[in-house]
Structures are given as C-alpha cells and as structure tokens.
Amino acid sequence: MKDRREVRRLTCIVCPLGCEIEVLLDRGPGGDVRVLEVEGAACPRGREWAAREVTDPKRVVITVVPVRGGDPPTVSVKTDRPIPKSRIPEFMRALAGLEVEAPVRVGQVLASGVLDLANVVATRESRSMGRSLGERP
Amino acid sequence: MRSRVEGRRDVVVVGGGPAGMAAAARAAEMGLDVLLVDEGRRLGGILPQCIHPGFGVHYLGEELTGPEFAQRLASRVEDAGVDLLLDAHVPEVRWISHAEKGVRVLSPGFSGEVRTGAVIYAAGARERHRFEIGILGDRVAGVYTAGEAQTMMDVYGILPGRRVLVVGSGDVGMIVARRFALEGAEVVGVVEIMPYPGGLTRNVVQCLEDFDIPLLLSHRVVAVRGRGRGRVERAVLVRVDEGLRDVPGTETEVECDTVVVSAGLVPRMEVLRELGALIDQATGGPMVNDRLETTVPGVFAAGNALVINDLVDHAAEQGEQAAEGAAEFLRRGGIPATDWVKLRPGEGVKLTVPQLLSGERDVWVYLRVARPVRNARLSLRGAGKEVRLPVVRPAEMVRVKLMAGEVRRAKVGGREVVAEVYGG
C-alpha cells in the first residue's frame with residue numbers, strides 16, 4: 001500500500017502560549033483526512049483545535065458592506081458562524097455586489113444563507129443621512 | 001441624547017474611546033455628575049474601525065468585534081446618564097485650585113470653559129508616521145498610517161491600493177494586511193525590523209499564513225520612490241543586523257502602489273504636559289499613582305493616554321479604576337499624600353504602570369517585557385513576589401495583582417518595587 005501519511009506542523013492559536021504542534025495524518029483515497037496523532041500541544045483544547053485545523057479549518061469572515069444614504073457609508077459585518085477556510089474567496093465574491101439601505105442596526109441580518117454557509121450580520125450601525133445633496137424632494 | 005454643557009461638573013472625561021466611556025459610565029453609576037467630551041462625531045474612539053473579532057473576552061466575558069464592543073459601552077454611558085459633548089476638541093486643562101480645574105472646550109455648539117472637580121484624561125494616542133521610523137525618499141501619495149488605511153477601508157469602504165506593502169508586524173499591521181488581502185489587494189509583504197514578529201502568534205497564523213502573505217523579519221524600509229507628485233511606485237528595503245544596523249549591499253526594491261506604516265502609538269500628552277504632569281519616559285504617558293491619578297492632583301489618566309495597551313479590555317478597566325480614583329478624590333477632598341513606594345522596570349522589563357503604590361490597597365500592575373521569554377520568572381523585587389509564566393512577549397502586556405501587604409513590605413526596604421523578568 002502506498003504511504004499516505006504526512007506530518008503537518010502548526011502553531012496553536014487557542015491561547016497566547018503558541019505551542020508548536022505536529023499532526024500525523026492519513027489521507028484517504030477520496031481526499032478525506034484522518035488524524036492519527038497530535039504532538040506538542042500543552043492542553044486538550046490545543047489538541048482538539050489542531051485536529052480540526054487539519055481536517056476542516058473554519059473562520060468567521062469579517063468585511064464591510066456599503067450602505068446607501070448611510071452615515072457612515074458602510075457597516076461592518078461578520079458571518080454568524082465560521083465557514084470553511086477554502087471557501088472564503090468564493091464567499092467574498094458572493095458578497096461583492098451586496099449593498100443595503102440606511103438605516104442599519106447592529107445585529108441586523110443583511111444577507112441570509114449566503115452560499116448556504118452563513119448569514120451576514122451587521123456589527124456597526126449606520127444612520128440615515130436624509131436626502132443627499134442634489135437629490136430632489 | 002441630552003447634552004447639557006454649562007455648569008460645574010464633578011468629573012469631565014476627555015476622550016470617548018473604550019477607556020473614556022468606561023470611566024464616564026462608572027463615574028455616573030457612582031452618582032457623580034459627568035460630562036464626556038469627544039473629538040469625533042460618535043463615541044467609540046478607534047473601536048468602530050477595528051471590525052475584526054477578539055474584543056471583550058476579559059472585560060465582558062464574550063468575544064465581540066470592535067464596533068460591537070463600542071456599542072455596548074456607549075449604551076452603558078447613555079443608561080448611566082452621562083452628558084455628552086461630541087465634535088469637541090479640548091486644547092487645554094487649566095489648574096485653578098486643588099479642588100477645581102477648568103477644561104477648555106472648542107466645538108460648533110459650545111466653546112468655553114467647563115469647571116470640574118476632577119478630570120479623567122483618556123484622549124488616546126497618535127500613530128507614529130513614516131519619518132519617525134526613517135522612511136525617506138519621495139513625497140508621493142499612497143503612504144498611510146495603519147489607522148488611516150483602516151479608516152478608509154472599514155469606515156468609508158475604499159480600498160487604499162492594489163499592491164500594498166505593510167511596514168511593522170504588530171497586531172494592527174497584520175490585521176490590516178489580512179483585510180486588504182481579503183478585499184482583493186495583493187499584499188506584497190509585511191516588513192519587520194526585529195528578528196521576531198511584533199504581534200500575537202494567532203495573528204501570524206490567522207492573518208499572514210491564512211492569506212500567504214510573506215513576513216520579512218530583520219528588514220526595514222528605508223525609502224519610498226515615485227515620480228514627481230505622483231503615487232508610490234517602489235519601496236526600498238534593507239536587511240538589518242542584530243544591532244538593527246543596515247547591512248550594506250542588501251538593498252532591494254519592491255514594486256507597490258501603497259505603503260502602510262504600522263509603527264506603533266504614542267500617548268497624546270500635549271495637554272497633560274502643559275498642565276505640568278510628570279511624564280514617564282518609558283511609557284510616554286503620565287506618571288500615576290495606584291488610583292491612576294497623575295502628579296497633578298485631581299487629574300487622572302486611562303487607556304492609551306496612560307500607557308499603550310494591546311487589549312481594549314485593559315483600557316476599559318483602567319477607565320473604571322480612574323473613575324473610582326476620581327470618586328475617592330471628590331469624597332475625601334484629595335488623594336491623601338502618602339508614603340509612596342516607587343514601582344519601576346528592571347532587568348528584561350520595558351515599562352511598568354502605575355509608577356507609585358500606596359500599600360493601602362491591592363493594585364493591578366501592568367508591565368511590558370523587553371523581549372520574548374519562555375518559562376519566565378517574573379519577580380517584583382522589594383514586594384517579595386514571584387510569578388511564573390509559561391511565556392511572555394513584548395506584544396502582550398503582563399497584568400499582575402499586587403496585594404497591599406506585598407507593597408507594604410517595600411516600605412521597610414528600599415522604598416521601591418522593581419519588576420524583573422528572567423528565563424528558566
């Protein structure tokens with residue numbers, strides 16, 4: 001049988017300690033990854049994190065969305081759950097055309113089920129500026 | 001929100017960032033009449049532009065983004081009945097007497113002097129700019145501080161450039177590098193003069209490694225190049241040796257249209273210096289006692305105007321401490337003169353706050369180490385205290401509680417506590 005084992009080296013991000021962790025993993029024929037051993041982590045949380053990081057790394061995505069007639073002219077947003085790291089570029093492209101109307105409240109869902117991965121939630125408010133200059137009543 | 005400005009106050013808080021908001025809310029919750037003055041059009045200081053998560057884990061017990069953290073504190077300020085004056089600059093705080101200060105205010109709605117019993121100065125810090133770190137060359141467009149670039153991107157939604165070079169690998173530098181990469185800019189690298197990254201390991205992983213952004217250690221940018229009054233076209237880099245001296249013959253050029261300088265912060269001290277407060281050369285902020293009172297009685301300091309913090313949680317905590325100090329000052333007609341014990345940095349430690357300890361109360365001591373140390377032994381010599389820490393780094397403020405009894409031990413000795421850090 002061909003050797004499908006490999007060692008991944010990671011720096012743990014669970015706490016400030018920053019343990020250097022080595023994960024021994026086995027790559028299945030379908031690309032699925034099985035964790036065989038985790039070494040170098042000082043705590044169980046670090047071991048868990050490292051195993052997840054090599055099998056299914058996820059991140060909360062943060063960005064800004066333009067607000068028409070808003071002050072300030074954008075709101076910051078976050079995904080309401082972490083999404084797979086590999087799909088972040090695709091996710092950002094899906095958000096590229098998103099624009100919303102003022103006012104926006106903190107916690108407001110601005111887009112739901114984007115790529116069936118997460119909702120996009122405002123983390124900052126944007127007030128209505130009223131009519132902009134040059135606009136007729 | 002109401003904003004009565006006229007009339008004498010118990011406390012005027014200068015600065016509406018995390019430290020100032022926490023100070024104002026706490027002081028008002030203790031029943032004091034508080035006016036909070038801020039330069040911006042809304043509360044929050046730099047928090048609204050810090051859209052990444054990681055705020056509030058210690059102070060609020062949950063992880064929030066910067067704007068969310070600001071919102072929480074802003075509602076607390078409102079609920080506590082603090083009067084607000086926004087869009088207002090404070091050019092001067094005037095000494096009238098031990099119990100009376102005058103805060104000069106300039107704003108579109110009100111200009112004049114507000115009399116107050118105590119002042120909490122929480123006006124934050126300014127960013128160091130390119131010339132302070134020796135980036136010479138052409139005066140072209142496209143050179144920003146990290147905060148400017150972050151404001152453009154995350155408040156106004158404008159990507160500052162297409163090929164970005166970031167100078168400085170502190171947390172702010174790495175976080176803005178990630179933001180530009182995420183928004184589709186090419187981040188050609190993060191340049192760091194020290195042989196190790198300036199920020200937290202988690203940011204090296206989540207910001208740089210996640211986005212394949214190169215980190216160039218032991219290098220510095222010596223010049224930016226561009227034509228005429230145009231835009232940045234290239235940056236000139238040089239390698240440095242262990243003494244941080246340029247190594248001749250190692251100059252290289254990197255093509256970029258934007259240079260973002262993330263070279264640290266300097267406490268804003270003009271107003272306190274003018275008032276006569278003693279400044280600590282190590283922190284760049286005022287010298288304070290364990291109520292966070294400066295050497296000017298009745299004038300307190302908190303947040304980045306006191307010491308550059310890496311966690312918003314610490315800034316907010318300092319705001320609360322300063323508010324409690326101000327309340328005590330008003331109640332007792334002053335912080336009683338006492339037999340102060342001096343706290344100062346020693347071996348392996350860059351700075352310590354507060355600088356004067358009374359021994360009448362337990363106190364949170366903040367300190368920053370000079371270099372990374374594993375299995376560190378932190379000694380507070382004079383207080384007979386030793387703490388073991390798995391790792392300490394310059395990027396992470398160390399916070400230790402010193403008991404009143406431990407401080408009093410120093411009163412029979414050399415009248416000082418010296419913070420020292422050793423390996424192993």
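Chain identifiers are assigned alphabetically (A, B, ...) following the order of the sequence lines, protein sequences preceding nucleic acid strands; residue numbering begins at 1 within each chain.
The side-chain heavy atoms of A:Glu20 and B:Thr201, taken from C-beta on, include no pair separated by under 4.5 Å. Contact check for A:Thr74 versus B:Asp154: no side-chain heavy atoms found under the 4.5 Å cut-off. In this structure the side chain of B:Arg202 never reaches within 4.5 angstrom of the side chain of A:Thr11, judged on heavy atoms.
With values rounded to the nearest 0.5 angstrom, A:Ile13 atom CD1 is found 7.5 Å from B:Asp210 atom CG. Rounding to the nearest 0.5 angstrom, the gap separating the CZ atom in B:Arg41 from the CZ atom in A:Arg127 is 9.0 Å.
At a 4.5 Å heavy-atom cutoff, the contact between A:Ile88 and chain B is made by side-chain atoms alone. Neither the backbone nor the side chain of A:Arg93 comes within contact range of chain B, judged by heavy atoms closer than 4.5 Å. For A:Pro66, no part sits under 4.5 Å from any heavy atom of chain B, backbone or side chain. With a 4.5 angstrom heavy-atom cutoff, B:Glu68 touches chain A via backbone and side-chain atoms both.
Under the 3.5 Å distance criterion, the side-chain polar atoms of A:Arg124 are left unmatched by any main-chain donor or acceptor of B:Gly66.
Among B:Asn203, B:Leu389, B:Val155, B:Leu64, the residue making the largest number of heavy-atom pairs under 4.5 Å with chain A is B:Val155. Considering only heavy-atom pairs separated by less than 4.5 Å from chain A, the leading option among B:Arg42, B:Arg374, B:Arg178 is B:Arg42. For chain B, the option among A:Asp71, A:Leu10, A:Val106, A:Val77 with the highest count of heavy-atom pairs below 4.5 Å is A:Asp71.
Enclosure of atom CZ in A:Arg68 by more than 12 non-hydrogen atoms of other residues, nucleotides or ligands within 6.0 angstrom is indicated. Within a 6.0 Å radius of OH in B:Tyr196, other residues, nucleotides and ligands contribute more than 12 heavy atoms.
Within residues 46-55 of chain B, the residues having any heavy atom under 4.5 Å from a heavy atom of chain A are, by residue number, B:Pro48, B:Gln49, B:Ile51, B:His52, B:Pro53.
Among residue pairs with one or both ends in residues 39-51 of chain A, none qualify as salt bridge (charged side-chain N to carboxylate O under 4.0 Å, His left out); sequence neighbours excluded.
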Show your reasoning for whether side chain to side chain contact (heavy atoms under 4.5 Å, CB included) applies to A:Val64 and B:Arg179.
-> CA-CA 10 Å; A:Val64 292; B:Arg179 276 296 291 143; 3.9 Å; yes

